[in-house]
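Following: one structure in structure tokens, then a few remarks.
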Amino acid sequence: TQLLEQSPQFLSIQEGENLTVYCNSSSVFSSLQWYRQEPGEGPVLLVTVVTGGEVKKLKRLTFQFGDARKDSSLHITAAQPGDTGLYLCAEGGGGADGLTFGKGTHLIIQP
Amino acid sequence: AAGVIQSPRHLIKEKRETATLKCYPIPRHDTVYWYQQGPGQDPQFLISFYEKMQSDKGSIPDRFSAQQFSDYHSELNMSSLELGDSALYFCASSKEGQPQHFGDGTRLSIL
């Protein structure tokens, strides 16, 4: 089973600042998903990256997939309180396979 | 757009009782997945079904069983409940090979 390491585990910053969180593995990812989860709710899919070196943008969120497909990052520009949540990276899910999640980054954006 | 529907949203049981959780996937999705998320933990994959057949198996205890019905809804049956079974249980659905979309979960509390 592939182990995903996410860093930092906790991050608290002021509104308007920029931040980057990371997801790493010792093995190559077949594909990688980023999810955001709020307390008491299910994870919400943000993006799927498949190709090494791929960059995807979702408004103020920029997702990068490493060239070797062993790491990924999520960069948030001008963070807002609504960005607060648990950011999870996940691998797998090919066919009908289950996902393996990282432990997540708990992000708090203070007004 | 229609999302994954889970019922009940909250369930309280006592030790050694049984529980049944239900999941209604997004229309035209043919694959369902079950996950367990303990307090402060990442979601752990339990089991998945594709076209009503078990597809992938994760860390599902022998006391739990699941099935997918002809209308594609799924049920997770849990017996001999233990205190450690207290968790959020998520169902996700997808078209085969596509990203998984999660419901808002069932919060199971064992007294």
Side-chain angles (χ1 to χ4, degrees), chain A residues 1-11 21-25 29-51 54 56 58 63 65 72 74 85-108, chain B residues 1 3-6 9-10 21 23 25-26 29-60 66 68 72 74 87-109:
Chain A
T1 302
Q2 189 162 12
L3 294 178
L4 280 65
E5 293 186 4
Q6 290 192 244
S7 61
Q9 188 176 0
F10 297 96
L11 183 59
V21 299
Y22 302 91
C23 176
N24 297 285
S25 172
F29 294 116
S30 55
S31 66
L32 187 78
Q33 292 87 47
W34 283 94
Y35 287 85
R36 177 171 166 267
Q37 184 179 23
E38 297 193 52
E41 298 183 8
V44 176
L45 179 67
L46 297 174
V47 77
T48 299
V49 287
V50 178
T51 305
E54 185 174 7
K56 285 191 174 180
L58 185 66
F63 303 86
F65 202 20
S72 181
L74 160 57
L86 175 65
Y87 288 81
L88 294 158
C89 65
E91 192 273 341
D97 293 345
L99 293 170
T100 299
F101 285 87
K103 298 295 183 186
T105 293
H106 295 265
L107 176 63
I108 296 174
Chain B
V4 177
I5 305 297
Q6 291 188 245
R9 289 297 313 276
H10 303 273
L21 279 54
C23 169
I26 292 171
H29 280 194
D30 49 24
T31 309
V32 293
Y33 313 76
W34 286 97
Y35 293 83
Q36 178 191 60
Q37 186 174 28
Q41 303 294 314
D42 55 292
Q44 295 293 314
F45 170 67
L46 296 178
I47 196 167
S48 65
F49 292 85
Y50 167 66
E51 287 290 346
K52 293 150 280 183
M53 297 290 290
Q54 181 181 313
S55 181
D56 190 17
K57 195 171 183 181
S59 54
I60 185 169
Q68 185 180 28
Y72 293 99
S74 179
L88 271 168
Y89 289 84
F90 291 106
C91 173
S93 76
S94 73
K95 290 282 292 178
E96 189 193 7
Q98 298 299 309
Q100 298 175 29
H101 296 268
F102 285 75
D104 279 339
T106 293
R107 182 176 295 279
L108 176 64
S109 299

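What you see is a predicted model, and the numbers here were worked out from it, not measured in a lab. So you know, we letter chains A, B, ... as the sequences are listed, proteins then strands, and number each from 1. Just the heavy atoms: all of them, side chains too, but no hydrogens, waters or symmetry mates, feed the values below.
For A/G102 against B/D42, the heavy-atom pair with the smallest separation is O-CB, 3.1 Å. Considering every non-hydrogen atom in both A/L45 and B/P99, the closest pair reads CD2-CB, 3.3 Å.
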Inset, instruction - Go through A/Q33 and B/Q100 one step at a time and tell me if the side-chain hydrogen bond (donor to acceptor under 3.5 Å, both in side chains) criterion holds. - result: CA-CA 9 Å; A/Q33 292 87 47; B/Q100 298 175 29; over 6 Å; no

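Both the backbone and the side chain of A/L99 come within contact range of chain B, with heavy atoms under 4.5 Å apart. Residue B/Q6: no heavy atom, backbone or side chain, is found under 4.5 Å from chain A.
Looking only at heavy-atom pairs under 4.5 Å with chain A, the residue among B/F49, B/W34, B/Y50, B/F90 that has the most is B/F90. The most heavy-atom pairs under 4.5 Å with chain A, out of B/P43, B/S55, B/G103, come from B/P43. When the candidates A/A90, A/A96, A/G104 are compared by the number of heavy-atom contacts under 4.5 Å with chain B, A/A96 comes out ahead. Between chain B and the options A/T48, A/L88, A/D97, the largest number of non-hydrogen pairs under 4.5 Å is found for A/D97.
Interatomic distance, B/F102 CZ to A/Y35 OH, rounded to the nearest 0.5 Å: 5.0 Å. With values rounded to the nearest 0.5 angstrom, B/D104 atom CG is found 5.5 Å from A/E41 atom CD.
The number of heavy-atom neighbours closer than 6.0 Å to CD of A/E5, taken from other residues, nucleotides and ligands shown, is 12 or below. Environment of NZ in B/K57: sparse, with no more than 12 heavy atoms of neighbouring residues, nucleotides or ligands closer than 6.0 Å.
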